[in-house]
Amino acid sequence: MSQSSIGQPTFSPPPKRYQWLLRLLAPALLIAGRKQDPQRQSERHGNYTGALPQQPIWLHAASFGEAKAAGALIEAMRAQGYQGAWLITTTTRTGGEAIQPFLQPGDRHLYAPVDLQGVVKRAVAQICPRLLIVMEVEIWPNLWAECQQQGVPVVLANARLSESSLRKYQKFLPQLWRTTLQRAELILAQSEAIAARFRGLGVNANRLSITGNLKYSQPTPDDIEAQGQTLRSQLGSARPVWLAASTHDSEEAIAIECHRQLLQQQPDLLLILVPRHPQRFDTVAELCQQSGLDWQRRSQQNDRHVSPDSQIYLADTLGELLGFYAASDLCWVAGSFVDVGGHNILEPAACRCPMVVGPDMRNFTDIVAEFAEHSALLQVNTPQQLESEIGKLLLDTDRQRQQAQQAQRLSQQQRGTAERQASAILALVPSLPASNKVAQ
């Protein structure tokens, strides 16, 4: 495949120090992959069964959030003329499930290969991609090096880079990250601040484009308001309801203790718990049982109606989070009191659900700052502040409404990101729109 007019640096493989580090980490990475989907562990080694799409665009989206953003990009590229095949890799099972609605006959989902030289060489040789699109922060030196050596252009789409990650890259093997990022034909940054951080790692300005955040482009279902009304009738229309969304280990305990205190001022208050990972549903159910509070489990109810006596509702189902945002009076977007970096605040914004976030929102630094500046969310630093602010917000319906309106307005201003990123990618390799999907 011909290179773009931007050109590429002289090829050099990632250093031996990185190769040894990956060899040490590979067993742990493979064990983590086996826990996700043991029946398809061979894919982590770059071994694939069955027919693969011919000359696909290979798009890698690590997990659930990245996969949903990738779906918006896929649809935008199809709308602008690309009719070729897609091969999607994810790191997690939930990522694979999230991307399925965007796949068409002839497309394929696989689990991503571990970034070992032999593994990625085998994977690239079998997949034969015409282009590699990597979502957000998945910077894998061996994979990118192999793509460069085989003449496969690399695009980092919806790129983000926090200040803390920048400092880590600048401290640990800085030349490795500098060289790896130079292998990318194009880096589509979410904001000017993020682009500046990439420039701090030595990325040339002609490889950078500021296109916005794809997560603003994810469409909200047309019937989301109706979904919310249906769910609210099940939860109880007359009682106040708050939501702890996408919680991780230790965050459910924070939510339950917070709720225990809030019940003292509003005895009929209902907490909805939505754990981030389905494999933790049973663990969280045990926490609910140990809390001593009355609780129900959504998956074990036939009519789905919540008893007026229930104080905690464990939403242990998939695909209903948007509906619960639309049904709740307010929410805490979790992943923000643990070392995760927060979760997507744009979904509750689109569903007009007032939100509170914790201190660690590094994955969404710029968005959170903008929302906070316009009073579109509340950010707290401790579980005690979380309890206090939720308590105040529950009692102030005018403030709830104003915050929700501001958040929805800000999210609507960012529409069109998917179209901008799709156009930039298609312009990079002009032959892409003319390609034809090859049936398996």
Side-chain angles (χ1 to χ4, degrees), residues 14 22 26 29-30 32-33 36-37 40-48 52-53 55-77 82 84-103 107-117 119-150 152-161 165 177 180-181 183-190 214-215 363 418 421-422 424-425 428-429 432:
L22 256 292
L29 295 172
L30 291 169
Q36 291 286 330
D37 198 335
R40 295 170 59 182
Q41 179 69 1
S42 64
E43 295 175 10
R44 315 276 183 176
H45 298 269
N47 295 316
Y48 311 120
L52 298 178
Q55 288 193 305
I57 291 180
W58 177 358
L59 187 151
H60 175 65
S63 191
F64 183 85
E66 293 88 346
K68 291 192 71 176
L73 180 60
I74 290 171
E75 291 191 334
M77 288 183 64
Y82 175 66
W86 290 90
L87 187 139
I88 312 297
T89 55
T90 64
T91 304
T92 65
R93 172 180 280 183
T94 54
E97 292 168 347
I99 204 67
Q100 286 299 325
F102 302 99
L103 301 186
D107 298 335
R108 180 89 183 265
H109 166 260
L110 300 171
Y111 286 109
V114 176
D115 196 46
L116 294 170
Q117 282 181 309
V119 172
V120 298
K121 187 176 185 67
R122 183 162 56 245
V124 173
Q126 291 181 79
I127 294 171
C128 296
R130 61 177 64 220
L131 174 71
L132 172 65
I133 302 174
V134 181
M135 300 297 297
E136 300 201 7
V137 289
E138 292 293 296
I139 305 169
W140 292 107
N142 281 324
L143 176 59
W144 289 32
E146 182 63 24
C147 284
Q148 183 196 355
Q149 195 167 32
Q150 299 303 322
V152 177
V154 177
V155 174
L156 185 60
N158 212 42
R160 59 181 171 88
L161 182 66
S165 294
W177 307 113
T180 299
L181 287 167
R183 302 187 200 279
E185 295 281 348
L186 194 58
I187 296 176
L188 303 173
Q190 294 180 9
L214 272 173
K215 291 178 180 176
N363 295 337
Q421 294 201 22
I425 293 170
L428 176 67
V429 187
L432 285 179

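- Counting all heavy atoms, side chain and backbone alike, Ile187 lies closest to Ala184 at CG1-CB, 4.0 Å.
- Proximity of Asp107 to Phe102: side-chain heavy atoms (C-beta onward) are nowhere separated by under 4.5 Å.
- Atom CG of residue Asp37 and atom OG1 of residue Thr94 lie 11.0 Å apart, to the nearest 0.5 angstrom.
- Closest of all the heavy-atom pairs between Val120 and Val114 is CG1-O, 3.6 Å.
- The shortest distance between side-chain heavy atoms of Thr90 and Tyr111 falls below 4.5 Å.
- Closest non-hydrogen pair, Ile133 versus Ala157, comes out as CG2-CB, 3.7 Å.
- For the atom pair CG (Leu214) and CZ (Arg160), the distance works out to 12.0 Å, reported to the nearest 0.5 Å.
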For this session: Just do the side chain to side chain contact (heavy atoms under 4.5 Å, CB included) check on Leu52 and Leu110 with the steps written out, would you?
Result: CA-CA 10 Å; Leu52 298 178; Leu110 300 171; 4.2 Å; yes
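- Smallest separation of non-hydrogen atoms from Ala67 and Gly95: CB-O, 3.4 Å.
- In terms of the side-chain contact (heavy atoms from CB on, under 4.5 Å) criterion, residue partners of Gln117 (sequence neighbours excluded) are, by chain and number, Pro13, Gln19, Asn142.
- Across all their heavy atoms, Ala72 and Ala418 have their closest contact at O-CB, 3.7 Å.
- In this structure, Glu66 contributes its side chain and Ser63 its backbone to a donor-acceptor pair below 3.5 Å.
- Remark: the backbone N or O of Leu73 is not paired with any side-chain donor or acceptor of Gln421 at under 3.5 angstrom.
- By the 4.5 Å heavy-atom criterion applied to side chains, Leu132 and Val124 are not counted as neighbours.
- With hydrogens and angles disregarded, no donor-acceptor distance shorter than 3.5 Å links the side chain of Glu138 to the backbone of Ala62.
- Note: Trp86 CH2 to Leu103 CG = 10.5 Å, rounded to the nearest 0.5 Å.
- Considering Arg40, Glu97, Glu43 in turn, Arg40 is the only one that fulfils the side-chain hydrogen bond (donor to acceptor under 3.5 Å, both in side chains) rule with His109.
- Contacts of Val119 classified as side-chain contact (heavy atoms from CB on, under 4.5 Å), with partners at least two apart in sequence or in another chain: Pro113, Leu116, Arg122.
- Checked by atom type and distance alone, the side chain of Gln36 never pairs as donor or acceptor with a backbone atom of Thr92 at under 3.5 Å.
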Evaluation steps, side chain to side chain contact (heavy atoms under 4.5 Å, CB included), between Val154 and Trp140:
CA-CA 11 Å; Val154 177; Trp140 292 107; over 6 Å; no
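- A search for side-chain contact (heavy atoms from CB on, under 4.5 Å) contacts involving Gln41 returns Leu30, Arg34, Arg44, His45, not counting sequence neighbours.
- The line from CZ of Phe64 to OG1 of Thr91 is 15.0 Å long, rounded to the nearest 0.5 Å.
- Between Ala61 and Ala70, the shortest heavy-atom distance links the atoms CB-CB, 4.1 Å.
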>> Please evaluate residues Leu156 and Trp144 with respect to the criterion side chain to side chain contact (heavy atoms under 4.5 Å, CB included), reporting the C-alpha separation (whole Å), side-chain torsions for both, the decisive distance (0.1 Å), and the verdict.
In response: CA-CA 10 Å; Leu156 185 60; Trp144 289 32; 4.2 Å; yes
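- In this structure, CG on Leu59 lies 8.5 Å from CE on Met77, to the nearest 0.5 angstrom.
- With values rounded to the nearest 0.5 angstrom, Ile57 atom CD1 is found 9.0 Å from Ile88 atom CD1.
- Side-chain contact between Pro141 and Asp115: present, with at least one pair of heavy atoms (C-beta onward) separated by less than 4.5 Å.
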Open item on the list: Pair Ile139, Val134 - check side chain to side chain contact (heavy atoms under 4.5 Å, CB included), show working.
Closed with: CA-CA 8 Å; Ile139 305 169; Val134 181; over 6 Å; no
